[in-house]
Amino acid sequence: MTMVFCFLSKTVHLARYSSSLLGRQLCSASANKPVLTLFTKKPCPLCDEAKEVLEPYKRRFILQEVDITLPENSAWYDKYKYDIPVFHLNGKFLMKHRVDIQKFEDQLSKLELHNDRNH
């Protein structure tokens with residue numbers, strides 16, 4: 001089971017689903033925000049730290065957490081078991097181990113600019 005956190009205004013919407021596409025559609029339909037996917041496991045102190053660093057930006061993206069230890073995520077486990085936290089932005093690899101805030105801000109701004117032009 002994968003969880004998606006949609007940060008909309010001051011409320012947090014939590015959607016449970018088995019397909020990441022469905023989760024993106026559920027949240028993006030109302031938010032139309034970039035999806036930041038965090039590949040994680042429990043416990044993961046570095047993941048917790050990364051989420052704290054991203055806290056000031058939370059209204060600008062949808063956070064999707066993927067627990068790589070779940071059976072349905074075994075491909076991600078094989079790929080990222082030694083690298084979490086790993087982040088993808090809109091399905092594309094962005095960063096791993098720690099948050100590179102400059103890289104994150106640059107990519108997020110590009111996506112926001114692209115979305116603004118298309119709407």
Side-chain angles (χ1 to χ4, degrees):
M1 187 71 59
T2 306
M3 291 186 199
V4 173
F5 297 92
C6 299
F7 294 100
L8 305 173
S9 67
K10 294 186 179 186
T11 61
V12 177
H13 299 271
L14 175 63
R16 289 182 177 265
Y17 62 97
S18 57
S19 164
S20 63
L21 180 59
L22 173 61
R24 285 187 196 149
Q25 290 170 344
L26 287 172
C27 295
S28 295
S30 58
N32 195 29
K33 295 180 183 179
V35 176
L36 183 67
T37 305
L38 166 59
F39 295 90
T40 185
K41 65 180 181 180
K42 289 184 174 52
C44 179
L46 287 177
C47 301
D48 296 336
E49 184 180 306
K51 287 191 284 187
E52 285 181 26
V53 170
L54 294 169
E55 180 72 18
Y57 299 89
K58 72 180 183 183
R59 289 192 176 95
R60 294 173 59 191
F61 64 88
I62 297 160
L63 179 63
Q64 171 186 347
E65 293 190 44
V66 176
D67 184 337
I68 64 170
T69 63
L70 297 177
E72 65 266 28
N73 296 326
S74 61
W76 295 119
Y77 179 82
D78 293 341
K79 187 169 185 172
Y80 292 141
K81 62 186 166 194
Y82 301 118
D83 290 318
I84 62 168
V86 175
F87 292 91
H88 287 191
L89 188 59
N90 277 6
K92 295 180 183 174
F93 175 82
L94 180 64
M95 56 195 165
K96 64 182 178 180
H97 302 158
R98 298 219 184 300
V99 173
D100 178 337
I101 205 68
Q102 188 62 55
K103 185 176 191 177
F104 173 72
E105 174 65 36
D106 289 349
Q107 293 301 312
L108 187 62
S109 294
K110 284 180 187 175
L111 286 172
E112 290 169 337
L113 185 61
H114 178 76
N115 284 343
D116 288 345
R117 288 182 183 162
N118 292 329
H119 291 97

Could you list all the disulfide (SG to SG under 2.5 Å) pairs where at least one residue sits in residues 67-108, not counting sequence neighbours?
none
Quick one: do Phe93 and Val66 end up in the same hydrophobic cluster if we chain Ile, Leu, Val, Met, Phe, Trp and Tyr together by side-chain heavy atoms under 4.5 Å apart?
yes
If a pair satisfies ring-ring contact (aromatic ring centres under 6.0 Å, His included) and one of its residues is in residues 40-59, list it, with sequence neighbours excluded.
Tyr57-Phe104
Going by the disulfide (SG to SG under 2.5 Å) test, which pairs reach into residues 48-115, not counting sequence neighbours?
none
Under the rule for side chain to side chain donor-acceptor pair (under 3.5 Å), what residues qualify as partners of Gln102, not counting sequence neighbours?
Asp106
My understanding is that only residues two or more places apart in sequence, or in another chain, count here; which of them pass side chain to side chain donor-acceptor pair (under 3.5 Å) with Glu105?
Arg60, Ser109
Output the distance between atom NZ (Lys92) and atom CG (Asn90), rounded to the nearest 0.5 Å.
8.0 Å
Rounded to the nearest 0.5 Å, what separation is found between the CZ atom of Arg98 and the CG atom of Asp100?
12.0 Å
Please output the side-chain donor-acceptor pairs of residues 76-89 that fall under 3.5 Å, not counting sequence neighbours, one pair per line with the distance.
unit_1 : atom_1 : unit_2 : atom_2 : d
Tyr80  : OH     : His88  : NE2    : 2.7
Asp83  : OD1    : His97  : NE2    : 2.9

Please say yes or no: joined through hydrophobic side-chain contacts below 4.5 Å, possibly via intermediate residues, are Leu46 and Ile68 part of one cluster?
no
Which pairs with one or both residues in residues 46-75 pass disulfide (SG to SG under 2.5 Å), sequence neighbours excluded?
Cys44-Cys47
What residues, two or more places apart in sequence or in another chain, satisfy salt bridge (Lys or Arg N to Asp or Glu O under 4.0 Å) together with Lys41?
none
Drop me the distance from Leu108's CG to Leu113's CG, to the nearest 0.5 angstrom.
11.5 Å
Kindly compute the distance separating CD (Gln107) from CD (Glu112), expressed to the nearest 0.5 Å.
11.5 Å
Sorted by chain and residue number, the side chain to side chain donor-acceptor pair (under 3.5 Å) partners of Ser74 (sequence neighbours excluded) come out as none
Take Gln64 and Leu36 through the side-chain contact (heavy atoms from CB on, under 4.5 Å) test and state the conclusion after the steps.
CA-CA 6 Å; Gln64 171 186 347; Leu36 183 67; over 6 Å; no
Grab the two heavy atoms, one from Ile62 and one from Lys33, that are nearest each other, plus how far apart they are.
CD1-O, 3.8 Å
So, using salt bridge (Lys or Arg N to Asp or Glu O under 4.0 Å) as the criterion, who are the partners of Glu55 when residues are at least two apart?
Lys58
Mind jotting down which residue pairs meet the disulfide (SG to SG under 2.5 Å) criterion with at least one end in residues 48-87? Sequence neighbours excluded, please.
none
